[in-house]
Chemist: 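Have a look at the structure that comes next, please.
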Amino acid sequence: MSDIFEEVEEDVKRDRAIALWKKYGPYAIAAGVGVVLIAAAITWYMEYRRTQAEKAAMQFVAAADLAAGTDKARAVTAFAAIARDAPAGYGLLSRFYDAALKGQMADHAASVSQYRALAADSSALPELRSAATLLAAMHVAITASVAEVEREVAPLTAGDGPWRHVALELVAVAAIKAGDVAKARQVYSQIADDGAAPQALRGRAAEMLAALGT
């Protein structure tokens with residue numbers, strides 16, 4: 001008799017298991033398949049990033065070779081394409097190269113515009129954004145007044161960032177170019193007296209002060 005009860009109990013357990021499987025089995029299968037797909041997607045994405053980085057590296061080297069040669073116009077086009085399509089690191093570096101090449105080709109307005117765009121790019125490191133501000137100011141200084149150069153470098157000279165002393169020196173150079181010797185002396189004195197300024201810059205400022213007849 002006990003065997004009959006055991007058989008009935010086993011049948012009940014089996015029926016319950018079948019019912020549970022019918023109810024939840026598809027979800028379990030979907031979850032398992034989902035885990036496999038996620039793992040495959042992650043693997044694919046990592047491989048894709050690697051191949052994209054390798055492709056961008058080769059394109060960057062090719063563009064740099066063009067820039068080092070005489071075909072700078074093609075280099076500008078190549079760097080622009082990398083900046084548009086490559087991963088963020090190579091894209092950002094290509095934008096700097098693109099701006100520099102435009103400056104070398106005497107297209108200072110385009111160069112300044114590119115550097116200003118880099119300076120405003122919140123995805124870039126603060127140090128790189130500051131460098132872009134300084135580079136824009138260097139091109140602005142070619143034709144701008146001292147006041148315009150000061151406005152351009154104001155984000156650098158107002159703080160304690162690593163580029164502030166170089167930015168001040170650029171203002172002094174612009175003042176000399178404009179014939180404003182008093183302004184140049186004032187800025188060079190500021191650099192020479194600043195203990196936080198790099199020693200080479202302080203020395204250069206002192207030499208300029210001597211040359212200007214302080």
Side-chain angles (χ1 to χ4, degrees), residues 42 44-68 72 74-144 148-174 187 190-191 194-205:
I42 292 173
W44 172 84
Y45 181 69
M46 291 176 66
E47 179 64 16
Y48 173 78
R49 287 290 301 271
R50 184 186 67 79
T51 55
Q52 288 297 103
E54 289 177 354
K55 178 182 176 182
M58 290 187 289
Q59 290 174 333
F60 186 87
V61 170
D65 287 341
L66 287 173
K72 298 192 184 302
R74 279 185 63 200
V76 166
T77 301
F79 280 124
I82 297 169
R84 183 182 63 249
D85 302 325
Y90 282 106
L92 186 66
L93 190 57
S94 294
R95 289 166 65 192
F96 271 97
Y97 265 78
D98 185 20
L101 280 171
K102 286 171 179 172
Q104 290 177 24
M105 296 166 68
D107 190 353
H108 299 293
S111 182
V112 168
S113 178
Q114 180 84 307
Y115 281 131
R116 284 174 176 168
L118 284 161
D121 189 345
S122 60
S123 67
L125 291 172
E127 294 82 2
L128 290 177
R129 295 175 66 185
S130 295
T133 297
L134 182 64
L135 290 165
M138 287 179 176
H139 287 278
V140 167
I142 294 171
T143 57
E148 288 173 310
V149 174
E150 283 188 295
R151 281 196 297 271
E152 194 75 29
V153 299
L156 305 179
T157 57
D160 59 354
W163 303 107
R164 71 184 187 280
H165 300 105
V166 179
L168 285 171
E169 185 178 36
L170 184 60
V171 173
V173 170
V187 177
Q190 184 180 347
I191 297 170
D194 189 346
Q199 188 60 44
L201 259 179
R202 292 180 68 190
R204 191 156 63 241

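As the structure is a prediction and not an experimental result, all values here were calculated from the model.
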Chemist: Show your working on side-chain contact (heavy atoms from CB on, under 4.5 Å) between Asp194 and Arg164 and close with a plain yes or no.
Modeler: CA-CA 11 Å; Asp194 189 346; Arg164 71 184 187 280; 4.2 Å; yes
Chemist: Provide the closest heavy-atom pair for Ile191 versus Ala197 in the form atom of the first, atom of the second, distance.
Modeler: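 Closest approach of Ile191 to Ala197, heavy atoms only: O-CB, 3.9 Å.
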Chemist: Show your working on side-chain contact (heavy atoms from CB on, under 4.5 Å) between Glu152 and Leu170 and close with a plain yes or no.
Modeler: CA-CA 10 Å; Glu152 194 75 29; Leu170 184 60; over 6 Å; no
Chemist: Taking atom OH of Tyr97 as the centre, report whether more than 12 heavy atoms of other residues, nucleotides or ligands fall under 6.0 Å from it.
Modeler: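 Check fails, neighbour count at 12 or below.
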Chemist: Is the shortest side-chain heavy-atom distance between Gln190 and Val171 below 4.5 Å?
Modeler: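 No, every pair of side-chain atoms sits at 4.5 Å or beyond.
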Chemist: How far does CG of Leu118 sit from OG of Ser130, to the nearest 0.5 angstrom?
Modeler: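 Answer for the CG-OG pair, Leu118 versus Ser130, is 12.0 Å.
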Chemist: Which residues pass the side-chain contact (heavy atoms from CB on, under 4.5 Å) test with Glu127, sequence neighbours left out?
Modeler: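 Partners of Glu127 under the side-chain contact (heavy atoms from CB on, under 4.5 Å) test: Leu125.
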Chemist: Please tabulate, for side-chain N and O atoms in residues 132-140, each donor-acceptor pair with protein atoms closer than 3.5 Å (sequence neighbours left out).
Modeler:
{"unit_1": "Thr133", "atom_1": "OG1", "unit_2": "Arg129", "atom_2": "O", "d": "3.2"}
{"unit_1": "His139", "atom_1": "ND1", "unit_2": "His108", "atom_2": "ND1", "d": "3.0"}
{"unit_1": "His139", "atom_1": "NE2", "unit_2": "Ser111", "atom_2": "OG", "d": "3.4"}

Chemist: Between CG of Leu201 and CG of Leu168, what distance do you get to the nearest 0.5 Å?
Modeler: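 With rounding to 0.5 Å, CG (Leu201) is 9.5 Å from CG (Leu168).
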